[in-house]
Amino acid sequence: MSTINKARIGIIGCGQLGLYLCDAAAKLGLHTCIVAESADSPAGFKADQVILAPLIDSDTIEELIEASDVISFEKEDIPNHVLQQLAAAQRQGRVKVHPDPETLFMLKDKGLQKTWLQQNGFPTLPGQFTCGPADAQRRAHQCGFPLVQKLRCGGYDGRGVQIINSAEQIDQLWLEPSVLEPKLESFTELAVIGMRDQHGTISCYPAMAMDFDHELNTLKQVLAPANIPDSLTERAEATVNRVLDAMQEVGVFAFEFFLTAEDELIINEISPRVHNSGHLTMDACTVSQYEQHIRAVAGLPLAPLGSLRPSAMVNILYENRIDEACPYRPVSYLRSEDSAAVHWYGKSTGRFGRKMGHITATADSISAAAWQASRALEGLPGKSGEYAA
């Protein structure tokens with residue numbers, strides 16, 4: 001498939017992921033258009049065109065279609081009627097959509113995603129699907145305790161996931177359609193960012209280890225490359241390759257794995273987009289996940305991946321002590337004392353646990369990188385060598 005000349009990229013979603021997608025597109029000389037409900041959304045600072053309107057409005061989507069040659073997403077929680085409208089426009093040859101709306105419809109629903117993975121022979125935990133109060137309790141007993149409940153749709157950043165430790169807590173079950181899974185007691189969480197271009201070329205960043213804040217149930221730290229044997233890295237990447245081949249999709253996809261104590265690799269979930277765990281590719285790699293995604297959806301070949309330096313990324317989660325330090329526009333700077341890169345998203349309001357930015361550090365070892373990132377986080381506020389993101 002030929003490259004789209006000076007492609008106009010439409011991006012649904014206007015947060016920090018959209019911000020860095022717009023930035024990557026600008027560096028490739030491509031035009032971006034986003035839909036945002038607020039004029040000060042992070043991506044709005046970098047997009048060439050901003051449609052200020054509710055995403056659910058069909059006229060808004062029509063305007064985005066008219067402004068775009070190809071449309072992609074920075075989030076998966078897209079209303080079904082929007083996906084249907086995009087699918088119709090794609091069938092009419094008016095716009096290309098990556099990933100395909102049908103694929104996004106399947107992956108955004110954790111129940112449909114799990115069913116697809118199981119039907120195609122990919123490793124995932126067994127699950128019970130609930131559809132109502134009585135059904136939820138019955139299926140919880142079938143699943144056994146402790147269990148993890150995940151809302152089928154709409155969960156992100158720690159929302160939509162909870163642990164039910166025993167039958168005595170069964171009244172805490174959410175009533176919305178959910179997936180119930182047995183809770184693993186001993187495991188490591190890994191992320192592999194995989195990507196596929198329109199020519200069928202697949203590439204992966206090395207596996208990264210993820211550390212979560214279990215109180216907020218949100219990603220706290222990423223270490224790369226993960227401290228696992230090469231054989232496990234190769235198995236994870238082979239699984240990603242097989243899934244992307246099966247889907248025949250285009251763009252970046254983030255795979256979250258459970259690595260059990262028995263060295264079993266289990267797919268936790270797939271995000272059909274660039275991902276928080278891949279922020280460190282901005283500073284630790286020769287090409288970021290954001291540029292790779294824009295390249296793929298625009299019809300460009302993927303860029304070669306250079307070696308990944310030992311690196312660490314920590315999220316800047318909102319707390320009162322950093323309130324005055326949070327800038328109201330996207331800003332990045334390098335700390336002169338340790339070269340840690342601090343990236344603020346420019347979010348106008350904070351709430352406890354909200355992602356306001358991230359910090360990436362590279363070093364000669366993962367432990368040194370983790371120490372530098374942690375020290376930079378503890379040292380907020382403070383800046384040097386400031387430049388606009």
Side-chain angles (χ1 to χ4, degrees), residues 107 110 113-114 116-118 120-127 143-144 146-150 155 158 161-163 165 179-195 202-247 252-281 284-285 289 305 307-315 365-367 369-370 373:
L107 290 177
K110 291 181 172 63
Q113 181 182 138
K114 181 179 286 291
W116 184 88
L117 288 169
Q118 292 174 343
N120 286 274
F122 297 113
T124 185
L125 288 172
C143 182
L147 62 81
V148 177
Q149 182 181 24
K150 302 176 182 178
V161 178
Q162 69 169 341
I163 297 172
N165 286 302
V179 177
L180 306 181
E181 295 176 344
K183 180 178 180 292
L184 293 175
E185 294 301 331
S186 180
F187 62 93
T188 299
E189 296 197 54
L190 303 175
V192 177
I193 306 295
M195 61 222 82
I202 295 174
S203 184
C204 295
Y205 291 99
M208 300 173 279
M210 298 187 293
D211 181 24
F212 283 80
D213 182 318
H214 294 291
E215 178 183 346
L216 297 173
N217 200 28
T218 193
L219 183 63
K220 181 171 63 174
Q221 176 181 255
V222 178
L223 302 176
N227 185 23
I228 59 175
D230 290 344
S231 59
L232 284 174
T233 296
E234 291 167 2
R235 277 169 49 195
E237 291 183 7
T239 299
V240 169
N241 274 258
R242 290 193 296 115
V243 172
L244 293 180
D245 264 339
M247 286 195 298
V252 166
F253 292 78
F255 289 70
E256 295 183 25
F257 287 93
F258 294 136
L259 174 61
T260 70
E262 296 74 33
D263 284 345
E264 183 181 7
L265 277 169
I266 299 169
I267 297 176
N268 176 28
E269 61 181 58
I270 305 170
S271 296
R273 54 173 172 80
V274 291
H275 195 259
N276 187 204
S277 63
H279 280 324
L280 57 74
T281 63
C285 304
Q289 64 168 344
L305 292 181
S307 59
L308 174 68
R309 286 197 69 197
S311 53
M313 187 278 290
V314 292
N315 275 322
S365 68
I366 293 175
S367 59

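Note that the structure is predicted; figures quoted are calculated from it, not measured. Heavy atoms only: backbone and side chains are in, while hydrogens, waters and symmetry mates are out.
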Tightest non-hydrogen contact, residues Ser277 and Met210, listed as CB-SD, 4.0 Å
Find out whether Gln113 and Thr124 are in side-chain contact, i.e. whether some heavy atom of one side chain is under 4.5 Å from a heavy atom of the other. no
field: Leu125 and Leu184, any side-chain heavy atoms less than 4.5 Å apart
entry: yes
Residues Pro225 and Pro206: closest non-hydrogen pair is CB-CB, 4.3 Å
Between Val179 and Lys114 the two heavy atoms that sit nearest each other are CG1-CE, 3.7 Å
Task: Polar side-chain atom of Thr260 near backbone of Glu262 as donor-acceptor pair, under 3.5 Å - done: yes
Note: Pro146 and Glu185 closest approach over all heavy atoms is CG-OE2, 3.4 Å
Over 12 foreign heavy atoms within 6.0 Å of CG, Asn165
yes
Flag the pair Asn276 / Met313 as yes when at least one side-chain heavy-atom distance between them is below 4.5 Å, and no otherwise.
yes
Pro272 and Phe253 have their tightest heavy-atom pair at CA-CD2, 3.5 Å
Smallest heavy-atom separation, Gly194 atom then Val240 atom, equals CA-CG1, 4.0 Å
request  = Flag the pair Tyr205 / Val192 as yes when at least one side-chain heavy-atom distance between them is below 4.5 Å, and no otherwise.
outcome  = no
Does some side-chain heavy atom of Leu190 sit less than 4.5 Å from a side-chain heavy atom of Leu232? no
